[in-house]
Trainee: 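Quick one: structure below, then a few questions.
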Amino acid sequence: MPTKIEKDAVSGTMTTGHEWDGIRELNTPLPKWWLWVFYACIVWSFGYYVFYPSLPGVTGWLGWSQRAELEERMAAEHARVKPMLDRIRATPVAEIARQPELASFAVAGGRAAFADNCAPCHGAGGAGAKGGFPSLADDEWIWGGDLDAIQRTVAFGVRSAHADTRQSQMPRFGLDGLLTPAQISDTAEYVLSLSGRSTVPAAAERGRAVYAEQCVACHGEGGRGNQELGAPSLADRIWLYGGDKAAIERSIQAARGGVMPAWTGRLDEATIRMLTLYVHQLGGGR
Ligand code: HEC
Ligand code: HEC
């Protein structure tokens, strides 16, 4: 509600004439120096806009634009690396690995592509992440750690939408009623015993029989795993989904079926080869 503009008795400042519920607004304008800096910035911005343009099509009075410069630099960079990328496209990965200059170029390119495309799932430096994203830096391999195996996994994925995907499906023993909860518990106990962690020998013994019937075809004798089938080792202490009893029971109950996307078509052939060499040298390559 508008009121009279007058001097406020307490502060000695003029009021603005605005009042809300008995509270009157004091008129305290911005300091002059601040206002002038503000106006100066606006004036400056027009000059800046003209001489330092970033809008498409605008090249400014000096015939220079940030966009054109970016394009020029990118073109120069592409021209610089093109011969190397062409060589990588034309050379099988095993052969690239034998040529030090080409290999170090490929590993550097692979490192950059990995950070962009793979690290969200596999962690920085391929350290792996909870929930089924394997470490690529250890020497445990689900599908194989030589150059050809890695290249195939990266190109076509695992349980991906690509026709050539790696494919293997563990049965859902609990959900589909293939095993009773008691059998699942016993089998989990046996799986624990494979890495020396079972505390109930009688249950592990019962689980051994179930394992021999239901699991050995994929996970192998003593749980050593099978790379042909992408069945991970159950005997080392490296786990995709957790190695305590509850997590193992959940794996048997529902199976997990993690998905690794196919990269062929999304990344070009040279990038896939560079990624293969990068992953291979992370520490566990065979
Ligand atoms: C959406 C998440 C995701 C992304 C992104 C992803 N991966 Fe994977 N990757 C997985 C999963 C899940 C597995 C495990 C599949 C399984 O259970 O067999 C896997 C498995 C792998 C394996 C096989 C490991 C082994 O032990 O045999 C390699 C190699 C691999 N990824 C490389 C890559 C590379 C290189 C990239 C980037 C181009 C990438 N991944 C991006 C989820 C992902
Ligand atoms: C048809 C092949 C197949 C059979 C049979 C099978 N598995 Fe698997 N299992 C797999 C595959 C493939 C995976 C990889 C994880 C996934 O499903 O993504 C796996 C994963 C697991 C895991 C998780 C491992 C981890 O690192 O977290 C456990 C535990 C497991 N299986 C136990 C069993 C047990 C116990 C049985 C028998 C009751 C069994 N599996 C039968 C193929 C099989």
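Every number for a ligand or one of its atoms is a count from 1 in the order of the listing. Residue numbers count from 1 along this sequence.
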Trainee: Among all protein heavy atoms, pick the one closest to atom 16 (C) of ligand 2 and tell me residue, atom and distance.
Mentor: G257 N, 3.2 Å
Trainee: Does ligand 2 have a heavy atom under 4.0 Å from the side chain of P171, from its backbone, from both, or from neither?
Mentor: side chain
Trainee: Would you call the rings of Y190 and Y211 parallel, tilted or perpendicular, where under 30° means parallel and over 60° means perpendicular?
Mentor: tilted
Trainee: I'd like to check the side chain to side chain donor-acceptor pair (under 3.5 Å) partners of S185; sequence neighbours left out, ordered by chain and number.
Mentor: K245
Trainee: For ligand 2, which part of F173 has a heavy atom less than 4.0 Å away: the side chain, the backbone, both, or neither?
Mentor: side chain
Trainee: Look at atom 25 (C) of ligand 2 and say which protein heavy atom is nearest, naming residue and atom and giving the distance to 0.1 Å.
Mentor: L240 N, 3.4 Å
Trainee: With no hydrogens and no angle check, just 3.5 Å: does a side-chain donor-acceptor pair link T153 and R166?
Mentor: yes
Trainee: Consider ligand 2: state whether an atom of it lies below 4.0 angstrom from any non-hydrogen atom of A217.
Mentor: no
Trainee: Using 2.8 Å as the cut-off, note every protein N, O or S atom close to atom 8 (Fe) of ligand 2.
Mentor: M170 SD, H219 NE2
Trainee: Which of the numbered atoms in ligand 1 are below 4.0 angstrom from a heavy atom of R159?
Mentor: 16 (C), 17 (O), 18 (O)
Trainee: Give the contacting part of T187 toward ligand 2: side chain, backbone, both or neither, where contact means a heavy-atom distance below 4.0 Å.
Mentor: side chain
Trainee: If you leave out waters, which protein N, O or S atoms are less than 2.8 Å from atom 8 (Fe) of ligand 1?
Mentor: H122 NE2, M260 SD
Trainee: Below 4.0 angstrom from a heavy atom of L275, which ligand 1 atoms are there? Numbered from 1 as shown, please.
Mentor: 38 (C)
Trainee: Could you identify the single nearest non-hydrogen protein atom to atom 5 (C) of ligand 2 and state the distance to 0.1 Å?
Mentor: Q214 O, 3.3 Å
Trainee: Specify the protein heavy atom at minimum distance from atom 26 (O) of ligand 1: its residue, its atom name, and the distance to 0.1 Å.
Mentor: I142 N, 2.7 Å
Trainee: In the protein, what heavy atom is nearest to atom 27 (O) of ligand 2, and what distance, to one decimal place, separates them?
Mentor: Y241 N, 2.9 Å
Trainee: Distance under 4.0 Å to a non-hydrogen atom of V259: what atoms of ligand 1 satisfy this?
Mentor: 10 (C), 11 (C), 12 (C), 42 (C)
Trainee: Considering only heavy atoms from C-beta outward, does the side chain of R266 approach that of P261 to under 4.5 Å?
Mentor: yes
Trainee: Would you mind listing which atoms of ligand 1 come within a distance below 4.0 Å of any non-hydrogen atom of W143?
Mentor: 16 (C), 18 (O), 25 (C), 27 (O)
Trainee: Write out all pairs satisfying salt bridge (charged side-chain N to carboxylate O under 4.0 Å, His left out) with one or both partners inside residues 216-230, taking only residues at least two apart or from two chains.
Mentor: none
Trainee: Looking at G258, which atoms of ligand 2 are within less than 4.0 Å of one of its heavy atoms?
Mentor: 18 (O)
